Student: 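One structure follows; several queries about it will come next.
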2 protein chains.
Amino acid sequence: MALTQLTVVDTAVEILQQFGLADLSMRRLAKELDVQVGALYWHVKNKQELLAAVAAKLLNTPELAVRAEDFATPADAVLQLARKLYLALLPIQDSPEVIEVASAMQAGQLQPVLQLRSLLQDAGLSEEQSRFGQQLLLNHVLGSVAYRQNLVQLDVDSSESDGFDWGLQRAVAGLAG
Amino acid sequence: MALTQLTVVDTAVEILQQFGLADLSMRRLAKELDVQVGALYWHVKNKQELLAAVAAKLLNTPELAVRAEDFATPADAVLQLARKLYLALLPIQDSPEVIEVASAMQAGQLQPVLQLRSLLQDAGLSEEQSRFGQQLLLNHVLGSVAYRQNLVQLDVDSSESDGFDWGLQRAVAGLAG
DNA sequence: ACCTGAACACCGTTCAAGT
DNA sequence: ACCTGAACACCGTTCAAGT
């Protein structure tokens with residue numbers, strides 16, 4: 001496997017999925033790729049940029065899109081997209097932290113987030129309002145994932161619901177209402 | 001200044017407020033207190049517990065409470081409390097991360113979060129629903145603070161609104177509706 | 001152009017030994 | 001009981017030097 005931007009990012013994604021962010025260090029990454037740490041810095045500028053690329057790779061997948069035509073109303077599509085995001089991020093340790101870095105650095109590069117916004121516009125919100133609404137929903141998705149992952153990590157009994165879906169429905173109702 | 005749990009936590013709060021989480025290391029904390037690093041571990045179990053204590057100190061202050069009698073409806077009190085939280089956390093670098101650790105470890109120890117929940121109950125939500133609603137609102141407060149702080153850190157022009165208040169109003173409307 | 005080797009300036013945590 | 005000194009096993013980033 002030749003060392004390129006692509007292989008570096010892909011290996012980073014694998015480490016994140018299997019072991020979480022704490023194990024995703026530049027040194028661990030170098031070891032996995034059988035190179036010295038310094039070599040990585042020829043292919044990525046720094047760790048922050050690497051994480052942003054990891055987030056993009058995680059989110060920019062067709063599975064995390066929704067076909068608006070399949071739903072009776074834009075609000076229903078929004079609900080379904082948010083649920084997809086939540087379920088996709090839940091099994092990836094520390095995914096909220098990674099996504100947050102990325103959504104700050106490259107606000108308009110994450111496709112599911114963009115679709116969330118455009119669906120809100122379809123639902124009748126102004127351009128600015130749909131930006132704000134997207135924030136509210138993304139905050140809820142990431143916050144709920146983080147909350148649940150924290151419970152697992154502190155091995156609290158987490159059989160009880162986190163109320164993600166209930167909160168989501170109320171939020172969407174508030175936005176659409 | 002004698003080395004006690006209290007002085008350790010207080011100094012940690014100061015470092016966090018002045019320099020952010022990146023500078024709040026056990027070693028830096030020890031230097032500030034003129035002791036060796038190991039000494040800290042006599043007074044706090046580990047860094048995670050220290051951060052939880054820091055979060056409690058930040059949030060458990062009378063300024064972050066609201067007198068329900070001052071508002072026409074419980075929903076208005078909820079709005080005001082959430083705004084207070086947002087404004088208090090905004091100037092403290094990386095506060096959302098710190099609060100998240102704490103709210104996972106000791107779910108029921110952070111007073112403003114508890115009041116948020118009880119106000120939602122006053123607004124007519126069931127006990128479970130007010131737990132969920134509290135999550136939605138806390139997610140939005142912390143997410144909005146994190147988003148805004150990230151912009152500043154990457155020095156993007158952050159004069160534009162983050163839509164916190166707009167999203168908050170919609171969320172509360174959805175919860176109360 | 002791409003990588004190694006080595007350094008710089010850090011981390012959190014533990015623990016024998018001192019007082 | 002409380003603290004020092006020192007170690008263990010790590011970090012991210014940089015950069016001369018090699019190929």
Side-chain angles (χ1 to χ4, degrees), chain A residues 1-55 93-94 97-98 100-102 104-106 149-150 153-155, chain B residues 1-55 93-94 97-98 100-102 104-106 149-150 153-155:
Chain A
M1 192 143 80
L3 197 60
T4 66
Q5 254 223 43
L6 217 142
T7 57
V8 170
V9 174
D10 282 353
T11 308
V13 168
E14 265 173 41
I15 294 176
L16 180 69
Q17 283 174 331
Q18 289 188 31
F19 308 101
L21 193 56
D23 280 38
L24 176 43
S25 67
M26 298 304 273
R27 298 177 113 94
R28 169 77 185 272
L29 189 49
K31 202 163 281 176
E32 215 81 34
L33 287 162
D34 268 308
V35 292
Q36 297 296 318
V37 215
L40 298 177
Y41 286 85
W42 190 265
H43 300 282
V44 301
K45 203 177 147 218
N46 52 38
K47 193 177 181 181
Q48 194 161 92
E49 272 214 2
L50 173 66
L51 290 183
V54 166
Q93 269 173 65
D94 315 297
E97 260 169 277
V98 180
E100 239 168 65
V101 171
M105 285 187 62
Q106 19 160 303
Q149 289 183 350
N150 269 338
Q153 205 190 343
L154 301 166
D155 54 25
Chain B
M1 190 146 80
L3 197 61
T4 67
Q5 253 223 43
L6 218 140
T7 57
V8 171
V9 174
D10 282 352
T11 309
V13 169
E14 265 173 42
I15 294 176
L16 180 69
Q17 284 174 331
Q18 290 188 31
F19 307 100
L21 193 56
D23 281 39
L24 176 43
S25 67
M26 298 303 274
R27 298 178 114 96
R28 168 77 186 271
L29 189 50
K31 201 163 282 176
E32 215 81 33
L33 288 160
D34 268 307
V35 293
Q36 298 295 316
V37 216
L40 298 177
Y41 286 84
W42 191 265
H43 301 281
V44 301
K45 202 176 146 220
N46 52 36
K47 194 178 179 181
Q48 192 161 94
E49 273 215 2
L50 172 65
L51 290 183
V54 166
Q93 270 173 65
D94 315 295
E97 260 169 277
V98 179
E100 240 168 64
V101 170
M105 285 187 61
Q106 18 159 304
Q149 289 184 350
N150 269 337
Q153 204 191 341
L154 302 165
D155 55 24

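Bear in mind the structure is a predicted one, so any value in this text is a computation, not a measurement. Letters go in sequence order (proteins before strands), and every chain restarts at 1.
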Student: Could you tell me whether the side chain of A:Lys31 and the main chain of A:Gln36 form a donor-acceptor pair under 3.5 Å?
Tutor: no
Student: Which residues in residues 37-48 of chain A have at least one heavy atom lying under 4.0 Å from any atom of DNA chain C?
Tutor: A:Gly38, A:Ala39, A:Trp42, A:His43
Student: Please report the distance separating the C1' of C:dC10 from the corresponding atom of D:dA9, rounded so that it comes out in whole Å.
Tutor: 14 Å
Student: So does A:Asp94 get a backbone contact from the side chain of A:Gln149, meaning a donor-acceptor N/O pair under 3.5 Å?
Tutor: yes
Student: State whether the side chain of A:Asn46 and the backbone N or O of A:Glu49 hold a donor-acceptor pair below 3.5 Å, judged by distance alone.
Tutor: yes
Student: Of all the heavy-atom pairs spanning A:Val8 and A:Leu40, show the shortest one and how long it is.
Tutor: CG2-CD2, 4.1 Å
Student: Expressed in whole Å, how much space separates the C1' atoms belonging to C:dC2 and D:dC15?
Tutor: 14 Å
Student: Give me the stems containing DNA chain D, sorted by first residue, counting only three or more consecutive Watson-Crick or G-U pairs with both distances under 3.5 Å; say none if there aren't any.
Tutor: C:4-8 with D:12-16, C:12-16 with D:4-8
Student: Within the structure provided, determine whether A:Leu29 and A:Leu50 are in side-chain contact (heavy-atom separation under 4.5 Å).
Tutor: yes
Student: What pair of heavy atoms forms the shortest contact from B:Phe19 to B:Gln93, and how long is it?
Tutor: O-OE1, 3.6 Å
Student: Minimum heavy-atom separation for B:Ala12 to B:Val54, with atom names?
Tutor: CB-CG2, 3.7 Å
Student: Quick one: does A:Leu51's side chain get under 4.5 Å of A:Leu24's, heavy atoms only?
Tutor: yes
Student: Taking C:dA6 as the reference, what is the distance to D:dC11 when you measure between their C1' atoms (whole Å, please)?
Tutor: 16 Å
Student: Roughly how far apart are A:Thr11 OG1 and A:Glu32 CD, rounded to 0.5 Å?
Tutor: 7.5 Å
Student: 5' to 3' on DNA chain C, which nucleotides open and close the contacts with chain B (atom under 4.0 Å from a heavy atom)?
Tutor: C:dC11 to C:dC15
Student: Would a 4.5 Å heavy-atom cut-off, applied to side chains only, mark B:Val9 and B:His43 as touching?
Tutor: no
